[in-house]
Structures are given as structure tokens and as C-alpha cells.
Number of protein chains: 2
Amino acid sequence: MLKLSKLTDYAVVALVRLGQKNEVTTSPVLSRSTGIPEPTVAKVLKILATQGIVTSQRGARGGYRLAHPLEEISIASVIQAIDGPISLTTCVDGGDCDARSTCGLGGQWDMVNAAIRNALSAITLADMKNHTVIDRLGGLQAPSMPSGPAATA
Amino acid sequence: MLKLSKLTDYAVVALVRLGQKNEVTTSPVLSRSTGIPEPTVAKVLKILATQGIVTSQRGARGGYRLAHPLEEISIASVIQAIDGPISLTTCVDGGDCDARSTCGLGGQWDMVNAAIRNALSAITLADMKNHTVIDRLGGLQAPSMPSGPAATA
DNA sequence: GCTAATTGGACCGGAACAGTACTGTTTCCT
DNA sequence: AGGAAACAGTACTGTTCCGGTCCAATTAGC
């Protein structure tokens, strides 16, 4: 249902919390302060470390730390780190579309995909912490349907 | 990985095809002209009928027909009809967030969600048929990262 | 009134994901 | 040098959801 995985949600929460304290923090501490189960938060941080979002310090007194300030980490980065590349359909980016010849809409999905990616790239973790999203995107919280006759869900 | 279901993809293809012929069309015919398996296209049309995107005519000589012109059907409508409401996280729109008190980012996901929904609502099925998306959204296909230091995937 | 064609709704199998646990490696402190 | 603390990697299990199939209800035409 066009929803991102829970892991991504957890990742954002953990990263924002990590950005608030500007020091090396361990998984258990992050687990306690966020409410995320300890093994899960560890897993998330682990993935984020491999993607360069956070840096890890092994051994005793180790932990994780943000590799970049919150302002420089976009939501899109986190999503791509956890869930993989943002590809709405398999056709996007040269995927093997079994009905490419008959479907009629050449690479139009790429445009939709780009629109999403652009919207996600415009929002940073700092925007999630503060409440500055409204200012930067200006009224995006308007009712979704432009002329909305269909899908009254 | 933030990808929408195949059914939604099929739905868009079927709807665009349905919009090209402006008459009642049966599932088998749509299946042949789109390359989508017959049972699948039938299922998709079925769902779209319940959501009011298409109107159905039962019995012999029945079939489906668009309830609105392609220009009035947004991608968001189709996604919501097939995949359900666009909710990136469970927190969105009053969902039960088990860690609402500790996660720290109140309803910030709503903003992200709204951004996505807005981007999706700006694109209609007519845009998918023609290639007018670029004109209407103006350069959304730019490289995603704004300052992109992280997630070099 | 009967037959054929077509939609409507329910059911089932399979894949993907979330979450958990375990073991190994690295580093600090005593 | 020894022990403890913490990350790194791998494997496993349970659940959820998607995708596809089958049967029942309905209507036009003869």
C-alpha cells in the first residue's frame, strides 16, 4: 500500500535521536530512548553503518555516531539505505518489463518515480526533528485530489 | 523498497488502454490488448469498479468503461484504489504508533506523506498516455540528492 | 424461458519482510 | 595480559501480504 518498511521508520527515529545527542551512542541506549526493540535497533544501525549514514566504533565504549549532520541527510537517503532503491515499478530504470511492447506507456513511470524521489529528497532529517517541513515545501499538506472525482476512499 | 504493487501497474496500463477506446470493453479484450494475464486484468478491473474508477456492466455484452475521462483520474487515485490509502508509516493519519511518546517526531511523517500524495496527485492518466509529464512538473527528473553526501547507492 | 456471456466475490498458494538469536571480532579498562 | 563491552555478520522463524485461481450471481439475447 505504498508504505515503506518499518525498518525505515525505525531508522529515521533512531537517526533523529542520534542527531540530538552529538556523541557516540550504543544500541541499548538508543533502544531505551526510542522504544524500539534492542535487536531491531541494532540491526537498523548496522545497515546504516554499511551505507555510510552513521559511523561505528567497535569495542568497549564503542557505539554509533552520525556521519553527517541531520540537515544533510535526506529522507530519500535513509529509505534507499534500508529499503533499497526507490523504484515504483519493475519497469523503472531498465527493469525487465514483460509487457513493454503492449503496455503503451513507455518510460512514463520514470517520471512518477522521479517526482517521488524529488519530494523525498527535499525533506531532511532536520525537518523531521523540527517542524520546518511546512515552510520549505509550502502547502503540500493540502487535500490530495486536484479535481478528485474518483477514489473517494 | 517503496515500490507499488504489480496490480497498480496493471491498473494504470488497463485504464489508459480503456481510455483510448471509449466504449464498453470486456476483460478478455483488455487482456489481449495489454498483454496482462486475463484473470489478473479481471481482478484489477473488479477492484477499480468497486472504487468508482470504472463502471461495470454485468451480463452478456457487459464489460467495463471509464467513469471519468483520463484527465480527471490521477495516479494517486489508482494507487489508493488498488493498494489502499497512501500511508508511508503506520503512524500516519492516527494509526496506532506503539512508540509515539518516545519516537520524538510527532506527526512529521504526515508531511512526508502529503508530499508524496501531492506529487502523485499532480500526474493524471492522460499524462501517462501522452508524454506531458515533463512539461507539467518541470524538471523533476533532476538528480535526486540535494547535497547528497550519504547513501551513494 | 433458456442459454451464453460476463462480472462479483471468496479461496488458496507462495514469496517477501520483520523480528530474533547466535557466534565471532574488535577494543577499552583493569 | 586478561576480562568485559560493544559492533559485525549470519542464520532462522513467524507473519503478513501479494498474486493467481475457482466458483457463484447477474443480465442480454434468442
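Only heavy atoms go into these numbers, but all of them, side chains included; no hydrogens, no water, no symmetry mates. For clarity, every value in this text was computed on a predicted model and none was experimentally measured.
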What is the distance, rounded to the nearest whole Å, between atom CD1 of B:Ile53 and atom P of C:dT7? 17 Å
Looking at the side chain of B:Thr26, which of C:dG8, C:dG19, C:dT6 is the nearest nucleotide? C:dT6
B:Ile79 CD1 - D:dC18 P separation (whole Å): 13 Å
So do the side chains of A:Gln80 and A:Arg117 get within less than 4.5 Å of each other, counting heavy atoms only? yes
A:Asp83 side-chain N/O to A:Leu4 backbone N/O, donor-acceptor pair under 3.5 Å: no
Donor-acceptor contact present, side-chain A:Thr8 to main-chain A:Ile79, <3.5 Å: no
In Å, rounded to the nearest 0.5 Å, how long is the span from CG of A:Leu2 to CG of B:Leu2? 5.5 Å
Treating A:Thr55 as the side-chain partner and A:Ala67 as the backbone partner, does any N or O pair qualify as donor plus acceptor under 3.5 Å? no
Value in whole Å for how far the P atom of C:dA18 lies from CG of A:Leu4: 10 Å
A:Val24 and A:Leu30: same hydrophobic cluster, using ILVMFWY side-chain contacts below 4.5 Å? no
Just N and O in the side chain of B:Ser56: are any of them under 4.0 Å from OP1 or OP2 of C:dT6? no
Could you tell me whether the side chain of B:Arg32 reaches within less than 4.5 Å of the side chain of B:Pro28, counting heavy atoms only? yes
Rounded to whole angstroms, how far apart are CD on A:Glu23 and P on D:dA6? 14 Å
Mind calculating the distance between OH (A:Tyr64) and C1' (C:dT27) to the nearest angstrom? 14 Å
Let me confirm one number: the CD-CG distance from B:Glu72 to B:Leu66, rounded to the nearest 0.5 Å. 11.0 Å
Dump every N/O contact between nucleotides 26-30 of chain D and the protein below 3.5 Å, one line per pair.
{"from": "D:dT26", "atom 1": "O4'", "to": "B:Arg58", "atom 2": "NH2", "distance (Å)": "3.0"}
{"from": "D:dT27", "atom 1": "O2", "to": "B:Ala60", "atom 2": "N", "distance (Å)": "3.2"}
{"from": "D:dA28", "atom 1": "O4'", "to": "B:Ala60", "atom 2": "O", "distance (Å)": "3.3"}

Please state whether the phosphate of D:dA8, meaning OP1 or OP2, lies under 4.0 angstrom from any side-chain nitrogen or oxygen of A:Thr50. no
What is the distance from CG of A:Leu7 to P of C:dG19, rounded to the nearest Å? 6 Å
Rounded to whole angstrom units, what separation is found between the NZ atom of B:Lys3 and the P atom of C:dC17? 7 Å
To the nearest 10 degrees, the angle between the two end axes of the helix from C:dG1-D:dC30 to C:dT30-D:dA1 (five pairs per end) comes to 20°
Can you tell me the distance, in whole Å, between the NZ atom of B:Lys6 and the P atom of C:dA16? 10 Å
B:Ser5 vs D:dC17: side-chain N/O to OP1/OP2 distance below 4.0 Å: no
Enumerate all atom pairs, one protein N or O and one N or O from nucleotides 20-22 of chain C, separated by less than 3.5 Å.
{"from": "C:dT20", "atom 1": "OP2", "to": "A:Thr40", "atom 2": "OG1", "distance (Å)": "3.0"}

Do side-chain atoms of B:Arg17 reach the backbone of B:Ser33 as a donor and acceptor pair under 3.5 angstrom? yes
Any luck finding a side-chain donor-acceptor pair between A:Thr124 and A:Asp127 under 3.5 Å? yes
Carefully, step by step, assess A:Asp9 and B:Trp109 under the rule side-chain contact (heavy atoms from CB on, under 4.5 Å). CA-CA 9 Å; A:Asp9 189 358; B:Trp109 278 117; 3.1 Å; yes
Give a yes or no answer on whether the side chain of A:Thr25 reaches the backbone of A:Glu23 with a donor-acceptor pair at less than 3.5 Å. yes
